J.: 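Have a look at this one before I ask anything.
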Amino acid sequence: MDGNGAPRTERDGDTVRITMTRPARRNALSREHLTQLLAAVTAAGQSDATGIVLAGEGPVFSAGHDFADVAGRPVTEVRSLLALCTELMQTLQAVPQVVLARVHALATAAGCQLVASCDLAVAAESAGFAAPGGKGGWFCHTPMVAIARNVGRKRAMELALTGDVIDARTALDWGLVNRVVPDADLDAAVAELLGRATRGSRASKAWGKATMYAQLDRPERDAYGVAVEVMASASQLPGAREGMGAFLEKRPPVWTD
């Protein structure tokens with residue numbers, strides 16, 4: 001681990017694994033750590049990897065914002081901190097790779113926002129999730145932007161207003177994570193889901209991810225307007241032509257992109 005707790009980036013085949021390494025600080029998202037995470041995700045996004053795994057070390061996945069960056073600071077500094085955090089969350093969705101959160105433990109506030117901002121999430125049974133501002137003095141306004149887009153309104157309100165921790169099975173039922181597995185099976189489950197989510201044409205999937213986020217929060221008519229245009233254009237991609245050709249010719253596809 002680096003002395004300043006910088007995230008550790010490792011490449012394993014087609015996957016880049018970015019691990020938060022500030023266990024003594026509960027992987028709190030300080031300004032420095034947010035800057036480092038943003039740089040790591042941006043670099044991974046510019047690589048030829050197909051998948052990115054976001055993980056954490058220590059007893060907590062991430063406890064969210066580091067209050068040392070907020071307490072007693074002027075509103076301009078807090079605003080810029082939140083803007084930096086928002087840039088990281090949006091970059092997770094903007095990179096062409098599939099981004100999967102490996103949640104081994106508690107994820108709270110902006111740490112829960114990290115999970116909600118990833119494309120996919122696999123949690124260990126011992127993990128938990130919370131937006132604790134609801135029972136304190138600083139409401140989780142920005143974390144709830146991402147969290148509310150993963151769960152229904154009433155469940156989002158319960159998380160936001162109570163601030164209570166929900167367990168991993170509840171998070172699965174509410175739509176915050178894709179899988180919950182025994183702690184010992186976490187890495188295998190991460191690899192299995194990421195493997196299935198990254199197969200096929202890279203170019204097609206990258207465009208598909210971008211379009212999913214572009215249309216999800218639009219009214220249905222507008223969403224179809226976006227999706228029709230992109231899907232028509234995407235039919236001309238080499239991957240689309242190969243996939244359809246292989247199906248019609250009854251042969252395995254060969255992906256060149």
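Quick caveat, the model's predicted, so the values are computed rather than measured.
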J.: Are L34 and L38 close enough that some pair of their side-chain heavy atoms sits under 4.5 Å apart?
T.: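 They are not in contact (no side-chain heavy atoms under 4.5 Å apart), so the answer is no.
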J.: Using side-chain heavy atoms (C-beta onward) and a distance below 4.5 Å, is T198 in contact with D14?
T.: no
J.: Give the cluster check for L120 versus V41: same hydrophobic cluster or not, with ILVMFWY residues linked at side-chain heavy-atom distances below 4.5 Å.
T.: no
J.: Strictly distance-based, threshold 3.5 Å: is any side-chain N or O of E242 a donor or acceptor partner for the main-chain N or O of V254?
T.: yes
J.: About how many Å separate CD of Q97 and CD of Q46, when rounded to the nearest 0.5 Å?
T.: 9.5 Å
J.: Taking the side chain as every heavy atom from C-beta outward, state whether L176 and C112 have any atom pair closer than 4.5 Å.
T.: yes
J.: Any idea which heavy atoms bring A105 and P59 closest together, and the distance?
T.: CB-O, 3.3 Å
J.: For residues V16 and S47, determine if any side-chain heavy atom of one lies less than 4.5 Å from a side-chain heavy atom of the other.
T.: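 V16 reaches S47 side chain to side chain.
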J.: Between M231 and T211, is the side-chain contact (heavy atoms from CB on, under 4.5 Å) condition met? List the steps.
T.: CA-CA 9 Å; M231 196 162 186; T211 305; over 6 Å; no
J.: Distance check, rounded to the nearest 0.5 Å: Q93 atom CD versus L88 atom CG?
T.: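 Here the interatomic distance stands at 10.5 Å.
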J.: Please name the pair of heavy atoms, one in L186 and one in A124, separated by the smallest distance, quoted to 0.1 Å.
T.: CD1-N, 3.8 Å
J.: Mind listing the closest non-hydrogen atom pair of P132 and A109 along with its distance?
T.: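 The pair with the smallest heavy-atom distance is CD-N, 3.5 Å.
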J.: Taking all non-hydrogen atoms of both residues, which atom of L29 and which atom of H33 are closest, and how far apart?
T.: CD2-CD2, 4.0 Å
J.: Any chance you could measure Q90, atom CD, to S117, atom OG, to the nearest 0.5 Å?
T.: 8.5 Å
J.: Could you point out which residue of I52, V98, V53 forms a side-chain contact (heavy atoms from CB on, under 4.5 Å) with T15?
T.: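 Output: one option passes, namely V53.
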J.: Do L194 and V122 belong together in a cluster built from hydrophobic side chains that touch within less than 4.5 Å?
T.: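 They do share one cluster, since a chain of ILVMFWY contacts under 4.5 Å joins L194 to V122.
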J.: Do L37 and M20 make a side-chain contact, defined as non-hydrogen atoms from C-beta onward lying under 4.5 Å apart?
T.: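 Contact flag for L37/M20 side chains = yes.
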J.: If only atom types and distance count, is the side chain of T108 paired as donor or acceptor with the main-chain N or O of A130 below 3.5 Å?
T.: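 Side chain of T108 to backbone of A130: no pair is present.
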J.: List the atom of W207, the atom of S233, and the distance in Å for their closest heavy-atom pair.
T.: CH2-CB, 3.5 Å
J.: Which residues pass the salt bridge (charged side-chain N to carboxylate O under 4.0 Å, His left out) test with R155, not counting sequence neighbours?
T.: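 Scan of R155 (salt bridge (charged side-chain N to carboxylate O under 4.0 Å, His left out), adjacent residues dropped) gives D173.
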J.: More than 12 foreign heavy atoms under 6.0 Å from CZ of R202: is that the case here?
T.: yes
J.: Any carboxylate oxygen within less than 4.0 angstrom of a Lys/Arg side-chain nitrogen, looking at D119 and K205?
T.: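 Judged by the 4.0 Å cut-off on N to carboxylate O distance, D119 and K205 do not form a salt bridge.
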J.: For R196, is there an ion pair with E192 - N to carboxylate O distance below 4.0 angstrom?
T.: yes
J.: So which atom in S80 and which in E77 form the shortest heavy-atom distance, rounded to 0.1 Å?
T.: OG-O, 2.9 Å
J.: Side chains of M89 and L114: does their closest heavy-atom pair fall under 4.5 Å?
T.: yes
J.: Can we say D66 and R31 salt-bridge, meaning some charged N sits less than 4.0 Å from an Asp/Glu carboxylate O?
T.: no
J.: Do R22 side-chain atoms and A28 backbone N/O form a donor-acceptor pair below 3.5 Å?
T.: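 Yes, the answer is positive, given that a donor and an acceptor are paired below the 3.5 Å cut-off.
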J.: Applying salt bridge (charged side-chain N to carboxylate O under 4.0 Å, His left out), which residue pairs with at least one partner in residues 213-225 are found, sequence neighbours left out?
T.: R149-D217
J.: Are V165 and V115 linked, directly or through intermediate hydrophobic residues, by side-chain heavy-atom contacts shorter than 4.5 Å (ILVMFWY only)?
T.: no
J.: With rounding to the nearest 0.5 Å, note down the distance linking CG in L54 to CZ in R102.
T.: 11.0 Å
J.: Quick check against the 3.5 Å criterion: does N27 have a side-chain atom that pairs as donor or acceptor with the backbone of G58?
T.: no
J.: F139: what forms a ring pair (Phe, Tyr, Trp, His ring centres under 6.0 Å) with it, not counting sequence neighbours?
T.: H141
J.: For residues L159 and W138: do they belong to one hydrophobic cluster (side chain heavy atoms under 4.5 Å, members Ile, Leu, Val, Met, Phe, Trp, Tyr)?
T.: yes
J.: Flag the pair K209 / P96 as yes when at least one side-chain heavy-atom distance between them is below 4.5 Å, and no otherwise.
T.: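 They are not in contact (no side-chain heavy atoms under 4.5 Å apart), so the answer is no.
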J.: Main chain of A232, side chain of S235: is a donor-acceptor contact present, judged purely on distance under 3.5 Å?
T.: yes
J.: Kindly work out whether a path of hydrophobic side-chain contacts (I/L/V/M/F/W/Y, heavy atoms less than 4.5 Å apart) joins F67 to F61.
T.: yes
J.: With a 6.0 Å cut-off (strictly less than), is the heavy-atom count around CZ of R153, excluding the residue itself, greater than 12?
T.: no
J.: Mark yes or no for whether D183, through its side chain, and E125, through its backbone, hold a donor-acceptor pair below 3.5 Å.
T.: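 Judged by distance alone, yes, a pair lies under 3.5 Å.
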J.: As an exercise, state the distance from CZ of F129 to CD1 of I147, rounded to the nearest 0.5 Å.
T.: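 Rounded to the nearest 0.5 Å, the CZ-CD1 separation comes to 10.0 Å.
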J.: How long is the straight-line distance from CG of N178 back to CG of L100, given to the nearest 0.5 Å?
T.: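 One finds 7.0 Å between CG of L100 and CG of N178.
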J.: If we only count heavy atoms from C-beta on, is the R25 to S30 side-chain gap below 4.5 Å?
T.: no
J.: Might you confirm whether atom CE of M244 has over 12 heavy atoms from other residues, nucleotides or ligands at distances under 6.0 Å?
T.: yes
